[in-house]
There are 2 protein chains.
Amino acid sequence: MKDVAARAGVGLKTVSRVVNGEAGVTPDTERRVQEAIEALGFRRNDSARVLRKGRTASIGLVLEDLADPFYGPLSRAVEEVARAHGALLINGSSAEDPEREQELALALCARRVDGLIVIPAGTDHRYLEPEMRAGIATVFVDRPAGRIDADAVLSDSFGGARAGAAHLIAHGHRRIGFIGDQPRIHTAVERLRGYRAAMEDAGLVVDDAWVSLGSTEPARVREATAAMLGGPNPVTAILAGNNRVTVTAVRELAARERPVAFVGFDDIELADLLGITVIAQDAAALGRTAAERLFRRLDGFDDDASRTVLETVLIPRGSGELPPAP
Amino acid sequence: MKDVAARAGVGLKTVSRVVNGEAGVTPDTERRVQEAIEALGFRRNDSARVLRKGRTASIGLVLEDLADPFYGPLSRAVEEVARAHGALLINGSSAEDPEREQELALALCARRVDGLIVIPAGTDHRYLEPEMRAGIATVFVDRPAGRIDADAVLSDSFGGARAGAAHLIAHGHRRIGFIGDQPRIHTAVERLRGYRAAMEDAGLVVDDAWVSLGSTEPARVREATAAMLGGPNPVTAILAGNNRVTVTAVRELAARERPVAFVGFDDIELADLLGITVIAQDAAALGRTAAERLFRRLDGFDDDASRTVLETVLIPRGSGELPPAP
DNA sequence: CTGAAAGCGCTAACAC
DNA sequence: GTGTTAGCGCTTTCAG
């Protein structure tokens, strides 16, 4: 910038004015500055700008895995809102590892992102308190924060799972299995609660062998499926606790001869063609809502932390309407 | 940092040394500094650090749409490599708009990312020349750069499409349709070339009505499908030019009574259960390879721009092996 | 082993 | 309209 000023024969501040489109520069001067900029291939260094202005015009998003089809649309929705506010998005995948989540979140804070959106892997977010006090707005999505008070935007996991299980019960099932994510994860627990609530509503007693929480690794899900279907008291229907479980369970059930009713949590591509009944949540709406809340905070809005819960929708497509196999 | 120094009763530089784990500080002094850091909730401001050091330890990725299941895994793979090199990843979606691609790429350069990975939407990247001269390493993925010389990591679109079309021909088809992406996009053109090459190899003449390039919007793809199947010289098989087209085409074909053979480009989740034959490319390998090349450049490696082409794999699952309907 | 001073590239606040 | 000065928070250089 100094070089540009020298070459254009003007002061530093004039160049700054031109670069930032501020008023108060004669067209002639402006032209000279523009020429110098072109000639030198000058591009403003935003790092320096940030240092001076205090705002980075960027926000951070910590999620579990960008490669998961649930998080892609969520991230994209966040990006769109950020873009509308002139901000860039830095994302990081925690790989469902609490330590990595913390490391990432703090790295983003060190970069002085203006705000942070977190899909937590861990259950204790007190490490973010100093950062939040220091002014980094933080919103949690998909799962609430642990041990701190912070905004959260969630799907109605409890209600969705309850509706899914109730749907299977309405179609005649009495022995229903639930395969969910790790019990450390809030949504997994909520969905299990929803399943239990529906069973209880119908006066059904849940056999321990029908419930399996754990990793979403295909091998684990396959085992869980086999166990539920093969035991002394086999289930006639299965409710899956998230999109990864759904995919593996669907594959597993397709390989069996006896039909098993099935409801998945999260819609997945081509589930329509396969006739898979699902409880759909709107990943993009989650991201959008969280980002909007974040930017409202960045715009100075400052009331208490709030929790927003988005509805889920049960989409019947066939698999959830199968009667119990004899 | 100044505050920390004051509180610990030491010089600024000593705090800096402690924060950065540099040698040359007595354990006792270090402890005092650490205490002050804790007490004040100090966190180094990386913006200032960047300004001084010149490197941001971040790279930018401009892609088409993070919500597209093809780009999620690609982005995640880039992130993993970046992480291994201690860098963060800033992504942006161009929405297949060349102007937005440029705007994004330049915004990333203004942030002084150390390197840039671009999945181009546009066909002219001369706007990046000043940036590259200024030292921002740049690698193109999935599609090559236009009008500049730069590293590129691509899939073998030509070979993949050719193999796909040849596969259909080998199963008895003579009238084969091709539905691809916009002709502005390199991969769309390459895949069309591959299709034409296979047809020519087999001595088949392509009817203009069998080829349709354009947007991947479902409506457009549906129309293209209907036109190919409904015309005076209807096709008995269709080759899709990318994953979005594949999804819509599969839905469309499933809704018809007469079977139509089908090969998709890009594997999609659950395609196995639907028996969809595809030409698979490895999105994660594309991302990983590109990121590795980028970091090699950042490490000072400096030979000519190179082009890497990754193989595609044809996965037969049934739809591509159907004989021509009578 | 430690600290003071200079300056990275920019913008805010005030001159002129 | 335009230029000058100070300083954002850190690291580098060099002196103690």
Side-chain angles (χ1 to χ4, degrees), chain A residues 1-37 40-58 86 106-107 109-114 130-131 134-136, chain B residues 1-34 36-37 40-58 86 106-114 130-131 134-136:
Chain A
M1 198 156 189
K2 205 176 49 191
D3 300 343
V4 174
R7 186 179 172 112
V10 301
L12 203 58
K13 179 63 201 176
T14 303
V15 178
S16 174
R17 273 194 262 265
V18 171
V19 168
N20 295 301
E22 286 168 32
V25 183
T26 13
D28 183 55
T29 316
E30 174 161 359
R31 198 185 37 70
R32 285 218 319 288
V33 172
Q34 286 292 8
E35 275 171 19
I37 288 177
L40 270 52
F42 168 84
R43 225 49 68 79
R44 180 180 66 197
N45 183 333
D46 277 1
S47 298
R49 176 168 225 250
V50 155
L51 186 57
R52 197 61 241 255
K53 304 203 78 154
R55 280 216 169 182
T56 54
S58 61
L106 291 179
C109 290
R111 300 290 171 104
R112 294 293 189 271
V113 290
D114 297 333
E131 315 295 334
I136 297 185
Chain B
M1 199 154 189
K2 205 175 48 190
D3 300 342
V4 174
R7 186 178 174 113
V10 300
L12 203 57
K13 177 62 202 177
T14 301
V15 179
S16 174
R17 273 193 262 264
V18 171
V19 169
N20 296 301
E22 287 168 32
V25 183
T26 13
D28 183 55
T29 315
E30 173 161 359
R31 198 187 36 70
R32 284 220 315 290
V33 172
Q34 286 292 7
I37 288 176
L40 271 52
F42 168 83
R43 223 56 60 80
R44 181 181 64 198
N45 183 332
D46 277 0
S47 299
R49 175 168 226 249
V50 155
L51 185 58
R52 202 59 245 256
K53 304 204 76 151
R55 279 217 169 181
T56 54
S58 60
L106 291 179
L108 291 167
C109 290
R111 299 292 172 104
R112 294 294 188 273
V113 290
D114 297 332
E131 315 295 335
I136 297 186

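Lettering follows sequence order; numbering is per chain, from 1.
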>> How bent is the helix from C:dC1-D:dG16 to C:dC16-D:dG1, measuring the angle between the end axes built from five pairs each, rounded to 10°?
In response: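 Nearest ten degrees gives 40° for this helix.
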
Can you check whether [X] reaches [Y] side chain to side chain, under 4.5 Å on heavy atoms?
{"X": "A:L12", "Y": "A:V15", "value": "no"}
{"X": "A:R44", "Y": "A:R49", "value": "yes"}
{"X": "A:V18", "Y": "A:Q34", "value": "yes"}

> Can you give one letter per nucleotide of nucleotides 7-16 of chain C, 5' to 3': B if a protein heavy atom sits under 4.0 Å from the base, S if only from the sugar-phosphate, - if neither?
Replying inline: BBBBBBB---

>> Under 4.0 Å, counting only non-hydrogen atoms across every strand here, what does A:V50 touch: a base, just sugar-phosphate, or nothing?
In response: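 Contact class for A:V50: none.
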
> Quick one: CZ on B:F42 to NZ on B:K2, what's the gap to the nearest 0.5 Å?
Replying inline: 12.0 Å

> Just the endpoints, please: which first and last nucleotides of DNA chain D, 5' to 3', lie under 4.0 Å from a heavy atom of chain B?
Replying inline: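 It runs D:dG9 to D:dT12.
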
>> So if I apply the side chain to side chain contact (heavy atoms under 4.5 Å, CB included) rule between B:S58 and each of B:V113, B:L108, B:D46, which one comes out positive?
In response: B:V113

> Does A:R7 have any side-chain contact (heavy atoms from CB on, under 4.5 Å) partners at least two apart in sequence or in another chain, and if so, which?
Replying inline: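 Once residues adjacent in sequence are excluded, the partners of A:R7 under the side-chain contact (heavy atoms from CB on, under 4.5 Å) criterion are A:A36, A:A39, A:L40.
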
>> Can you list everything that forms a side-chain contact (heavy atoms from CB on, under 4.5 Å) with B:L106? Sequence neighbours excluded, please.
In response: A:R43, B:Q102, B:Y127, B:E131

> Between B:D114 and B:T56, is there a donor-acceptor pair closer than 3.5 Å when you use the side chain of the first and the backbone of the second?
Replying inline: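 Checked: pair present.
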
> Which pairs pass salt bridge (Lys or Arg N to Asp or Glu O under 4.0 Å) with one or both residues in residues 19-28 of chain B, sequence neighbours excluded?
Replying inline: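 Those involving residues 19-28 of chain B are B:K13-B:E22, B:D28-B:R31, B:D28-B:R32.
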
> Just checking, any donor-acceptor pair under 3.5 angstrom between side chains of A:R111 and B:N45?
Replying inline: no

